[in-house]
Amino acid sequence: MDKNLYPIEGKIEFNKVDFYYPDTGIHALKNISFILQPGEALAIIGTTGSGKSTIANLILRMYDVTGGQIKIDNRPLTDFGLESLRSQLGYVPQDVFLFSDTIYNNIGFGLKEPDEDKIIQSAKDADVYSNIMDFPNEFNTRIGERGITLSGGQKQRVSIARAIVREPKILILDDALSAVDTKTENTILNSMKKIMEGRTSIIISHRVSSAKLANTIIVLSDGEIIEKGTHESLMKDGGAYRELYEKQMQADQEVDSGESEYIS
Ligand SMILES: Nc1ncnc2c1ncn2[C@@H]1O[C@H](COP(=O)(O)OP(=O)(O)OP(=O)(O)O)[C@@H](O)[C@H]1O
Ligand SMILES: [Mg+2]
């Protein structure tokens, strides 16, 4: 039994967090501070290697900070029992991991008892329900070895369904929409609005379009926060965010008018 089982409300605070990866000595995060009130959404945008996933790793306590402090609900992260902490976080990792099992069990993983209504609802909210119903055995279709192979986008959506099925107070999506096209991204983001209500969310992405639902956006570069604000304020500032936004909007338009649309 996990001793330090504190029910999480969802406030997240980074206070001057510094982090060096122990094995390589890479200085992945430098002086990172932000506060998220329960129910708020933060988007973390940045190029590859800027430290986005490291922020998720630290919240999940895959590693502990080497400087500064992380608190949840005003309590140091290290006070929480590891199991209790992780069981209260909905986490969609960047590298999706699914079992060779049925879709039903893949989504239901993490629930103490399988709950059909919740599994179906989370599949709907993650916008993968109709895909599943098209498979030969619907929710009982096996995936992986001796089963069917899902597309990258379908895998991500099953992984999102798995993360939300236990109704966590904190949701962390690490580039969870990278393998879907802009249209699917929009559909998922729209259904996410409902899911994000009453939850603290961290949406990590290299794409600015995923930042739409966030109250606050931070832009990371080489482990540092170089910009922080809302979509509107960052567009007005005319810095890195705006540059990224304009570049990506243009790229999306080219994809939409071309034939390279991702099929999922
Ligand atoms: N497990 C690890 N051990 C050692 N160094 C790591 C580890 N994971 C990441 N790093 C390094 O830390 C830095 C930040 O990496 P991180 O994975 O946080 O970037 P990211 O912003 O998530 O990038 P991407 O957009 O490619 O996912 C990089 O220099 C990376 O090489
Ligand atoms: Mg990453």
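Indexing begins at 1, ligand by ligand and atom by atom, following the structure's order. These values consider heavy atoms only, across backbone and side chains, with no hydrogens, waters or symmetry-generated copies.
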Under the salt bridge (Lys or Arg N to Asp or Glu O under 4.0 Å) rule, what do D222 and K30 come out as? Steps first, then yes or no, please. CA-CA 8 Å; D222 196 21; K30 302 165 188 165; 3.4 Å; yes
Rounding to 10°, state the angle centred on the Mg ion (ligand 2) that links OG in S53 with OE1 in Q94.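 The OG/OE1 angle about the Mg ion (ligand 2) sits at 80°.
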Distance-only polar pair, side chains of N15 and K71, donor-acceptor under 3.5 Å: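 No - no donor-acceptor pair under 3.5 Å links their side chains.
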Between H27 and Y21, is there a side-chain donor-acceptor contact under 3.5 Å, judged purely by atom types and distance? no
With side chains defined as the heavy atoms from C-beta onward, is the minimum distance between [X] and [Y] less than 4.5 Å?
X	Y	value
I45	H206	no
I202	I12	yes
T141	I148	yes
Q69	V65	no
T78	R61	yes

Which of the atoms of ligand 1 are close to [X], meaning less than 4.0 Å from one of its heavy atoms?
X	answer
D23	3 (N), 4 (C)
T47	21 (O)
T54	14 (C), 15 (O), 16 (P), 18 (O)
S53	17 (O), 18 (O), 20 (P), 22 (O), 27 (O)
T24	4 (C), 5 (N)
Y63	1 (N)
Q94	24 (P), 27 (O)

Between H231 and Y241, how do the two ring planes meet: parallel, tilted or perpendicular, split at 30° and 60°? perpendicular
Kindly give the heavy-atom pair with the smallest separation between R162 and F97, and that separation in Å.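 Of all heavy-atom pairs spanning R162 and F97, the closest is NH1-O, 3.0 Å.
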Below 3.5 angstrom, do we get any N/O pair linking D175 and ligand 1? no
For atom 13 (C) of ligand 1, what's the nearest protein heavy atom and its distance?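 Protein heavy atom at minimum distance: G49 O, 3.8 Å.
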Note the single closest protein heavy atom to atom 25 (O) of ligand 1, along with its residue, its atom name and the distance in Å. K52 NZ, 2.7 Å
Please confirm whether D174 comes under 4.0 Å of ligand 1, counting heavy atoms of the residue only.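 Contact absent.
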G46: heavy atom below 4.0 Å from ligand 1, yes or no?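 Flag not set, G46 not near ligand 1.
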Ligand 1 versus I26, non-hydrogen atoms closer than 4.0 Å: side chain, backbone, both, neither?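 Under 4.0 Å from ligand 1, I26 contributes side-chain atoms alone.
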Could you see which bit of T48 sits under 4.0 Å from ligand 1, with heavy atoms only: side chain, backbone, both or neither? both
Can you check atom 7 (C) of ligand 1: any protein non-hydrogen atom closer than 4.0 Å?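 Yes, there is one.
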Have a look at Y21, F19, Y20 and point out the one with the heavy atom closest to atom 9 (C) of ligand 1.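 Shortest heavy-atom distance from atom 9 (C) of ligand 1: Y21.
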Could you go through R207 and E185, starting from their C-alpha distance and side-chain angles, then the distance that decides it, and tell me whether this counts as salt bridge (Lys or Arg N to Asp or Glu O under 4.0 Å)? CA-CA 10 Å; R207 277 215 305 242; E185 183 185 27; 3.1 Å; yes
